[in-house]
Amino acid sequence: MDRKVRVRFAPSPTGPLHIGGVRTALYNYLFAKKHGGDFLLRIEDTDQTRFVPGAEEYIIESLKWLGIEPVEGVGYGDGPHAPYRQSERKLIYKQYAMQLVDAGHAYYAFDTAEELEGMRERLKASNVDAKYDAITRGTMKNSLTLPEDEVKRRLENGDQYVIRIKLPRKEEVKFFDEIRGWVSFNTSQMDDKVLFKSDGMPTYHLANVVDDYLMEITHVIRGEEWLPSAPLHVLLYRYLGWEDNRPSFSHLPLLLKPEGNGKLSKRDGDRLGFPVFPLQWKDPFSGEISSGYRESGYLPEAVINLLAFLGWNPGTQQELFTKEELAEAFSLDRVSKSGAKFDLNKAKWFNQQYVRMLDDQTLANILENQVKEKTSGVDFSKEFIFKAAQLVKEKVSFTKELWEYSFFIFQIPESLDEQVVSKKWKPELKPVLAEIKSAFDAMNKFTAEDAERVYLEVLEKNGIQSKQFLQMFRVCLTGQAGGPPLFELAALVGKESCSARLNHALTILP
RNA sequence: GGCCCGUUCGUCUAUCGGUUAGGACACCAGAUUUUCAUUCUGGGAAGAGGGGUUCGACUCCCCUACGGGCUACCA
């Protein structure tokens, strides 16, 4: 039975999409592309108390920005299995919960929060694992312990109830994880999880199984945090009679924080200077702002590439991949089992690679915006900005750095690099500098070659080696200790500007 | 605590019983660039520990240690 590959990304709209979630989405997307299948987006909003306004839109916008877009689902024109928002599928789940009750695989439970708490405390006190399971359910208020008419009365009476799965007392549950191989659990260690909540909504466990079945999902690719509940899902497929159509499971390794241990969290990003979210997010309740990759200057292609390599590798030496190449190369059996630490340096490097691949005109347009923002009123020609962008292209890791590597092209520096001045400047050099300025002023054609030639002539006349003077000369022109090739820069800003810059240096240098 | 998953250079990783354990980022050194960066060359850097299995283990098994995840009417 060869079913069309269908995978889904099923986040909960409880806040901004975590970068680990983005990677999960990416792997699902790549897997679908690789196999000519469908990638869909389902919103798992069964917990109405955790709803966060804007979160769903954020998820959709993030996927859009990265270009890992679903072919069906919320925000993508829905599709044959609409709706794709679980809160809108509420009515569907009840019947499956009832089916399980009727088949004896689930039961009603009427315990109050206090009663549950009491049970847990009792068991803990006697040093026993506190869980609602095959043993403890016999002491609780449920349709297994209460007389039939009492259950009926409570139900008719509208008493609050949940539906719990009835797990066998002791049974081995084995399943094959595409990444980890065979994994086994014993129901003796599991508890009778709630499938259907008293507010009429299913829990994740029920909803996820029902929807994956109904939406014909063939492969479940999700984070490792779901591994412990996978046996429950396996059992659910079995009890619902869907074992033959059960999707395969793949549990992805977690993204860890760069220092120390533990899962990458929101706070790590702000502390260590890299984003944990794809897009900037403003918390609607606290107003707190969390930075995003997009706003931090990362290119979507770079984010895709670096994320793909956090937990997967192609087994070749190639590191730079387009999305299409990734889809072609991707396979679940090359996903690693252990958690990956986020590495800021590598992330920067990836971004730098992609910035370099940007064509000069794109870079120029970005720089143009920055120039407009920083130098209001001053008009620079597109050609000038284009050349400036070309000059500093190799230096930047992020497009937002374009300005900070080139600002001295657009404005005459007010101060000169103090370190270089204190090390390389001597008042005796002043006449030489003045002579270079005059020589420049006297030039007709002011190309990079001409400027350099004239500069060298003056130095030679004064018996000075360029090696000793060049950096100081750079500082006089740009204020900076480093920068793009100096005479190309001089030619770009032009004779008049060079003259003004040298004049300025002459006045402030001792 | 219990259950489950994991453990190769600082980091991401290759190796699917036999390799001088390879690459990338980062780092260091040298070369080039009359400056900085780029680029090039070179370098240091790893199989958690202990038992097995085997002619031979990073690779298979067990134990220990360490790390992580889960342990809600959250996903």
Side-chain angles (χ1 to χ4, degrees), chain A residues 10-14 44-47 49-50 86 109 111-113 116 120 124 127-132 160-164 177 179-180 183-186 188-191 193-205 207-208 222-231 251 253-254 256 258-263 306 309-320 333-334 336-350 352 356 392-396 405 420 424 452 455-456 459 465-475 478 480-487:
Chain A
S12 244
T14 54
E44 311 232 326
D45 56 348
T46 52
D47 184 359
T49 66
R50 295 213 302 162
Q86 289 184 327
D111 316 279
T112 62
L116 287 170
R120 290 193 183 107
K124 257 189 182 160
N127 229 346
V128 180
D129 226 16
K131 56 190 202 310
Y132 206 116
Q160 292 247 305
Y161 69 90
V162 299
I163 294 174
R164 286 178 181 273
D177 184 290
I179 294 169
R180 289 153 208 284
V183 179
S184 72
F185 290 82
N186 199 294
S188 63
Q189 302 296 335
M190 298 160 61
D191 59 352
K193 279 271 177 306
V194 169
L195 301 178
F196 198 80
K197 300 185 275 188
S198 59
D199 65 357
M201 286 293 257
T203 58
Y204 167 83
H205 305 295
N208 135 277
R222 77 229 299 190
E224 189 184 346
E225 67 267 29
W226 296 109
L227 193 51
S229 55
H251 291 94
L254 263 15
L256 273 17
E259 286 174 346
N261 309 298
K263 214 159 98 167
L306 74 93
F309 270 69
L310 244 30
W312 172 87
N313 79 84
T316 65
Q317 306 278 77
Q318 187 182 352
E319 300 240 34
L320 264 16
D333 55 25
R334 294 208 66 90
S336 50
K337 300 179 182 63
S338 48
K341 286 185 183 169
F342 187 91
D343 183 0
L344 181 57
N345 277 325
K346 193 88 182 235
K348 271 186 181 170
W349 178 80
F350 269 116
Q352 185 183 36
R356 284 183 189 174
V392 298
K393 177 178 181 177
E394 294 288 297
K395 297 186 162 310
V396 303
Y405 279 101
V420 176
K424 304 260 168 93
E452 182 171 10
Y455 157 86
L456 286 171
L459 285 196
Q465 280 193 307
S466 174
K467 209 171 173 181
Q468 311 300 324
F469 191 68
L470 188 78
Q471 195 179 21
M472 190 56 228
F473 189 56
R474 168 185 291 282
V475 169
T478 69
Q480 307 297 303
L486 188 54
F487 293 100

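Every value quoted in this text rests on a predicted model; they were computed, and no experiment measured them. Chain letters run A, B, ... following the sequence lines, proteins first, then strands; residues in each count from 1.
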note: A:Met190, atom CE; B:rC4, atom C1'; distance rounded to Å ~ 11 Å

Testing B:rG2, B:rC5, B:rU34 for proximity to the side chain of A:Asp129, the answer is B:rG2

Q) Roughly how far apart, to the nearest Å, are B:rU32 and B:rG44 at atom C1'? A) 23 Å

For B:rA37, the nucleotide meeting Watson-Crick or G-U wobble distances (both under 3.5 Å) is none

Taking B:rU35, B:rC12, B:rA24 as options, the one with an atom nearest any side-chain atom of A:Leu310 is B:rC12

When rounded to the nearest 0.5 Å, the distance separating CG of A:Leu254 from OG of A:Ser338 is 11.0 Å

Result for 5'-nearest mapping on RNA chain B, choosing between A:Gln471 and A:Ala10, is A:Gln471

Of the listed B:rC73, B:rA75, B:rU34, the closest approach to the A:Tyr204 side chain comes from B:rA75

Per side-chain hydrogen bond (donor to acceptor under 3.5 Å, both in side chains), A:His251 is matched among A:Glu224, A:Arg180, A:Arg222 by A:Arg222

Exercise for review: Assign A:Thr46 to base, sugar-phosphate, or nothing according to its heavy-atom contacts below 4.0 angstrom with the strands shown.
Suggested key: sugar-phosphate

B:rU15 OP1/OP2 closer than 4.0 Å to side-chain N/O of A:Arg334
yes

Exercise for the section: Report which part of the nucleic acid A:Gly311 touches: base, sugar-phosphate, or nothing (heavy-atom distance under 4.0 Å, all strands). Expected result: sugar-phosphate

Sorted by chain and number, sequence neighbours left out, salt bridge (Lys or Arg N to Asp or Glu O under 4.0 Å) with A:Glu44 holds for A:Arg42

Those residues at least two apart in sequence (or on a different chain) that pass side chain to side chain donor-acceptor pair (under 3.5 Å) with A:Ser188 are A:Asn186

- Looking only at atom C1', what distance separates B:rA14 and B:rU19, rounded to whole Å? 12 Å

Any strand, both distances under 3.5 Å, Watson-Crick or G-U wobble: B:rA48 pairs with B:rU64

Is A:Glu452 touching bases, backbone alone, or none of the nucleic acid, heavy atoms closer than 4.0 Å? base

With the side chain defined as heavy atoms from C-beta on, A:Phe185 is closest, among B:rA75, B:rC73, B:rC3, to B:rC3

Paired to B:rG42 by Watson-Crick or G-U wobble criteria (both distances under 3.5 Å) is B:rC28

P atom, B:rA31 versus B:rA46: distance in rounded Å? 27 Å

(request) Kindly say if A:Arg474 contacts the phosphate of B:rC36, meaning a side-chain N or O under 4.0 Å from OP1 or OP2. (result) no

Judged by nearest nucleotide, the residue sitting upstream toward the 5' end of RNA chain B, A:Ser336 or A:Trp349, is A:Ser336

Considering only heavy side-chain atoms of A:Lys197, the closest of B:rC74, B:rC4, B:rA37 is B:rC74

* Provide the distance between the two P atoms, one in B:rC16 and one in B:rA21, to the nearest whole Å. => 14 Å

Heavy atoms only, 4.0 Å cut-off, all strands: where does A:Gly483 land among base, sugar-phosphate and nothing? base

Within the structure shown, what part of the strands sits under 4.0 Å from A:Tyr161 by heavy-atom distance: base, sugar-phosphate, or nothing? nothing

A:Ala340 has its side chain closest, among B:rU13, B:rG69, B:rA75, to B:rU13

Applying the 3.5 Å cut-off to both distances, the Watson-Crick or G-U partner of B:rU59 turns out to be none

Is there a donor in the side chain of A:Tyr204 and an acceptor in the side chain of A:Ser12, or the other way round, less than 3.5 Å apart? no

Residue set satisfying salt bridge (Lys or Arg N to Asp or Glu O under 4.0 Å) with A:Lys197, at least two apart, ordered chain then number -> none

- Query: Base, sugar-phosphate, or nothing: which does A:Leu227 touch, judged by heavy atoms less than 4.0 Å apart?
  - Reply: sugar-phosphate

With the side chain defined as heavy atoms from C-beta on, A:Glu44 is closest, among B:rG23, B:rA75, B:rU35, to B:rA75

State plainly whether the residues A:Asp191 and A:Lys193 are in salt-bridge range, i.e. N to O under 4.0 Å. yes

Salt bridge (Lys or Arg N to Asp or Glu O under 4.0 Å) filter on A:Lys395, not counting sequence neighbours, yields none

Partner of B:rU54 under the Watson-Crick or G-U wobble criteria, both distances under 3.5 Å, comes out as none

Which protein N or O atoms sit under 3.5 Å from an N or O of nucleotides 39-41 of chain B?
from: B:rU39; atom 1: OP1; to: A:Arg356; atom 2: NH1; distance (Å): 3.3

Below 3.5 Å is the cut-off: list the nitrogen or oxygen pairs between protein and nucleotides 7-10 of chain B, distance only.
none

OP1 or OP2 of B:rA72 under 4.0 Å from side-chain N/O of A:Lys131:
no

Among B:rA14, B:rA72, B:rC25, the one nearest any side-chain atom of A:Asn313 is B:rA14

